[in-house]
Amino acid sequence: MMYLFVFAWLAGQAATSDAMQHMQSGLEARQQHQVDTEIAEFRKATELDPALADAFVNLGAAYMEKHDYGAAIAPLKRALDLSPDLAVAHQFLGYALLAQGYAAQAIPHLERAGAQEALGIAQIEVGQLNEAVRNFSAALAKRPDDPDLQYYLGHASGLLSKASIDTLLATHPESARAHQALAENYFVLRQMPQAEKEYLEALRLRPDLPGAHLELGQVYANSTQWPKAEAEFRAEAKFRPGSAEAAYRLGAALLQEGKSHDALVELKRANDLKPEMPETLYSLGKAAALDGDNATAERSWLKVVELEKDTALAAQSHFGLAGLYRKQGKTAQAQRQMQEFQKLQGAIGPPRSE
Amino acid sequence: MPHRFTRRKFLSFAALGAAAPIFDVKPLRGIDFILENSPTPGKFLIETMPGGVALFDYNNDGLLDIFLVNGGHITESLHVPENFDRANPRYWNRLYRQNRDGSFADVTQSAGLANAGKANYGMAVAVGDYDNDGYPDLFVTSYGKNVLYHNNGDGTFTDVTVKAGVAGGGWSVSAGFFDYNNDGNLDLFVTRYMEWDADHNKVCGGDWHTYCPPNVFPATTCLLYRNRGDGTFEDVSARAGFTAKKGRALGAAFADYDGDGFTDIFVSNDGMQQYLFHNNGDGTFNECALESGAALTSDGKGLSGMGTVFQDYDNDGRPDVIVTVLPRELYGLYHNDDGRLFTYQSLETGLGALTSGSSGWGVGLEDFDNDGWKDLFVAQSHVLDNVQQIDASLRYKELPLLALNHSGRFERADSGVTTPIAARGAAFGDINNDGYMDVVISTLGGPPVLLLNRGGNNHWLTIILRGTRSNRDGYGAQVRVNGQTRFATSAGSYVCANDKRLHFGLGAAEKATVEVLWPSGTKQSLSDVRADQFLEVREPPERP
């Protein structure tokens, strides 16, 4: 793409000398993918007219086409000596320097060229993580489907997160937040006893630590200790009554304990706080069905299948609706929902966890 | 004068704080059996599946005897045709006769039950008097061939498998006698797990190197044998509709869930939907679990079904189903709503919260505290012996689950077992005839564990059915005592055969009303029956 850009940029220049004839030959060689000829012609042009910045840019570009980034650096630097505002030369030089591992030197050139993706990569290399995240985010806003950008943004964000946590652990190792951070790491590693220990320490130091009760509740939920999970989710919901997630988690834990009415209250609250969340709606349907509130169950599950077409939640909602209608004697509707369930049954994984 | 708070007083107050265990863990005096499952690095799937326990009175002396199924010897180089060294006494199944003093004597060899056949790796046992001669017979399942032992009535058994035609083949697991056509002769149902042999074993789990889940192997079918009444059986699996439904069946339990007078079958399948075979009364069965609501969880998910029980937990007169499964699932409780539809009620009965972290095998609904509500007991242990390495929150060896039934809601109670075990089978019966139900558990690589009920002050009644026009054991009868119902069977649980006597807790009641609906259709009522006795109820010769 960048070579086409160079080609187009050069097309607007006038040939005024022998040097320009070699330039033209070089461009023709490029079109025929004869890189060595291209290099020879552009080199000749630079020898005939050492002040011809375009020739140096093209020579650098040809070396880059040949993946000889080391050789590209000198002509590109010379081009910028001759014409410091030449954006394309900045871009190529930035790329070449970055490819050779000179990230810090590449950064000013990439900034001048506005090459956000390469700039972000260089900034990762030199530890400018905040800036890298900012640049990848900006680039991704322009090209949201670019998998490279998606990867780099995630990578940079992860590094930024790790750096921030490392700083926290180094500077405030006994703080509540440090213990919370360690607990999160253990949770990801599925080391639940260690995660529990760290969360408990974090909460001992700061009983109202935002998010900690919710996360500790999930540790307990993961190991099916539902009464403990309920207590933690309840604590989180008390500290953050506006948190839809806390209400949802509390409702789900209550449901597991068979406390269907209390679960229904919490799941309704979660749905009010953040409507149209399929997970909340599915659990709301379950709690309602268990509590005998068939109208809410039907409404919730119908909403799920409206929001989700071919997911496990959609399959489960069809199954719930089939059971609901069967008990109400609505045989035809029950059969229809069962057929929909059977079509989607493959979306539901096997029961075994190991 | 100031009150003195003595140590004895303190202890009596302290005891009020924590309920005493229901059972004492007692050594089985005279029983030196070890369940040899022979785990190997080859991770042959059969290693983790045995073995059965039968509580039955083989010599009709009024005391329960114990039959224990052994696995066999496995080496890492096991290949077809397999040899499990069953001639070696270490790998025999064993019969222990109970003595009057509560101890047991090994009568295996004199009874003719040694050496179950070198190619048979033992799994389960079923008990039933298939020839109505008054002596309970034994059917032992295996990976390999199954064996029917006829009880000769003189303390010995004869292998009549070939004559009877019930050897089967493949990997049989649980089995049970029942009379599906109400002709007075006990028929035989056998679950089979999957298509598997040593040459087609696989190891799963990557670096964890563990047993494979069931869906790695092809599904297979269950077997139904019709008792011709002349000592032979006919394989009617195809005609009855069982060959049309492949599954991965581990457990089976019998009850007439729709009250049509014919015994139905619930089959617990591993890693898929469960099966409910409705007995059409014409020699055929119709698998109807999905449309009946007894196939899946309320989330539409399959279950890792292992053991199962088909009895009435909430005293509404209809048999309900409980299925034991692996952790991260909930033991499935299917409430029989109206004799037609079931509702998954694991959550509202409290069972979900008690079981989501455990693996269940043998299971029973028995009234352990004689309060008039059937309680739940489950033998627990994970299927994978290295599960803790894979998931630190799970354990291979577990304590059994005892959950007392409080008007239909289950709450955990102290079983008295304090050391986790690798439990598999659980058989239920009144070992010491004290009116309180006991449990015998089989453990992989270990001895059986006896949980002897500590008893209490509640009253009880135990019914011994004596069929005349119905099968002699009365299997399939529906017995109602003071508002509680039991469906007569020795099958259920996992790979085990329970005491066939029907036990009822009566709470404070000193009298009982007994109603029996026999498989023949005969109804029988007894009133003002004295509590705290073993009562034989003989089927009237003709319909009143």
Side-chain angles (χ1 to χ4, degrees), chain A residues 186 189-196 219-227 229-230 253-261 263 282-283 285-287 289-292 312-323 326-327 329 331 334-335 338 341-342 344-345 347-354, chain B residues 204-205 208 210-215 269-273 290-293 295-305 325-330 332 337-338 340-359 382-384 386-387 390-394 409-410:
Chain A
Y186 285 126
L189 295 170
R190 296 181 66 174
Q191 295 177 10
M192 297 304 166
Q194 294 91 328
E196 178 191 13
V219 169
Y220 290 134
N222 258 33
S223 48
T224 67
Q225 299 179 64
W226 294 111
E230 179 200 330
L254 289 163
L255 196 54
Q256 287 293 327
E257 293 180 274
K259 300 173 182 173
S260 56
H261 186 72
Y282 176 70
S283 294
K286 257 180 94 168
L290 287 179
D291 203 44
L313 276 183
Q316 291 169 221
S317 298
H318 284 300
F319 186 75
L321 284 165
R326 197 169 49 219
K327 285 197 187 306
T331 310
Q335 281 175 348
M338 188 57 82
F341 164 70
Q342 285 172 322
L344 297 176
Q345 203 173 358
I348 302 175
R352 285 191 179 225
S353 56
E354 80 275 23
Chain B
C204 290
W208 296 116
T210 193
Y211 299 106
C212 287
N215 57 8
N269 281 313
D270 190 3
M272 55 179 286
Q273 76 155 81
L290 197 58
E291 52 267 41
S292 300
L296 303 168
T297 69
S298 58
D299 292 323
K301 293 181 179 174
L303 287 83
S304 302
V325 298
L326 287 179
R328 311 286 184 245
E329 304 171 40
L330 315 177
D337 296 340
D338 54 6
R340 190 175 57 92
L341 297 178
F342 290 78
T343 302
Y344 181 84
Q345 291 196 343
S346 297
L347 294 174
E348 49 270 64
T349 53
L351 197 55
L354 295 176
T355 64
S356 58
S358 291
S359 300
H382 203 277
V383 69
L384 308 179
N386 57 350
V387 69
I390 300 166
D391 185 336
S393 69
L394 298 177
R409 189 170 171 90
F410 292 100

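Every chain is numbered from 1 and lettered A, B, ... according to where its sequence line falls, protein lines coming before strand lines. Remember, it's a predicted structure, so these values are computed and weren't measured experimentally. All values below were derived from every heavy atom in this structure, side-chain atoms included, with hydrogens, water molecules and symmetry-related copies excluded.
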**Item:** Which of A:Arg190, A:Arg326, A:Met338, A:Gln256 touches chain B most, by non-hydrogen pairs under 4.5 Å
**Value:** A:Arg326
**Message:** Taking NZ in A:Lys327 as the centre, count heavy atoms belonging to other residues, nucleotides or ligands within less than 6.0 Å. Is the count above 12?
**Reply:** yes
**Fill in**
From the list B:Gly205, B:Ser393, B:Gly302, the residue making the most non-hydrogen contacts under 4.5 Å with chain A is B:Gly302
**Asked** For A:Asp291, is it the side chain, the backbone, both, or neither that has a heavy atom closer than 4.5 Å to a heavy atom of chain B?
**Response** neither
**Asked** Where on A:Ser223 is there a heavy atom nearer than 4.5 Å to chain B: the side chain, the backbone, both, or neither?
**Response** both
**Item:** Contact origin within B:Thr343 toward chain A - heavy atom pairs under 4.5 Å
**Value:** both
**Prompt:** salt bridge (Lys or Arg N to Asp or Glu O under 4.0 Å): which pairs involve residues 340-352 of chain B, sequence neighbours left out?
**Reply:** B:Asp338-B:Arg340
**Message:** So which residue, B:Leu330, B:Asp391, B:Asn215, B:Leu296, ends up with the most heavy-atom pairs under 4.5 Å with chain A?
**Reply:** B:Leu296
**Asked** Which pair of heavy atoms, one from A:Leu255 and one from B:Leu347, lies closest together, and at what distance?
**Response** O-CD2, 3.4 Å
**Request:** Identify the two heavy atoms, one from B:Leu290 and one from A:Phe319, that lie closest to each other, and give their separation to 0.1 Å.
**Result:** CD1-CE1, 4.3 Å
**Request:** Sort A:Lys286 into side chain, backbone, both or neither according to what part of it lies under 4.5 angstrom from a heavy atom of chain B.
**Result:** side chain
**Item:** Nearest atoms (heavy-atom pairs only) where B:Ser356 meets A:Thr224
**Value:** OG-CB, 3.0 Å
**Prompt:** In terms of heavy-atom proximity below 4.5 Å to chain A, should B:Asp299 be classed as side chain, backbone, both, or neither?
**Reply:** both
**Asked** Which region of A:Gln342, side chain (C-beta onward) or backbone (N, CA, C, O), has a non-hydrogen atom less than 4.5 Å from a non-hydrogen atom of chain B, or is it both or neither?
**Response** side chain
**Request:** Decide yes or no on side chain to side chain contact (heavy atoms under 4.5 Å, CB included) for B:Glu291 and A:Gln335, but give the supporting numbers first.
**Result:** CA-CA 9 Å; B:Glu291 52 267 41; A:Gln335 281 175 348; over 6 Å; no
**Prompt:** Of all of A:Gln191, A:Met192, A:Glu257, A:Gln225, which one pairs up most often with chain B through heavy atoms under 4.5 Å apart?
**Reply:** A:Glu257
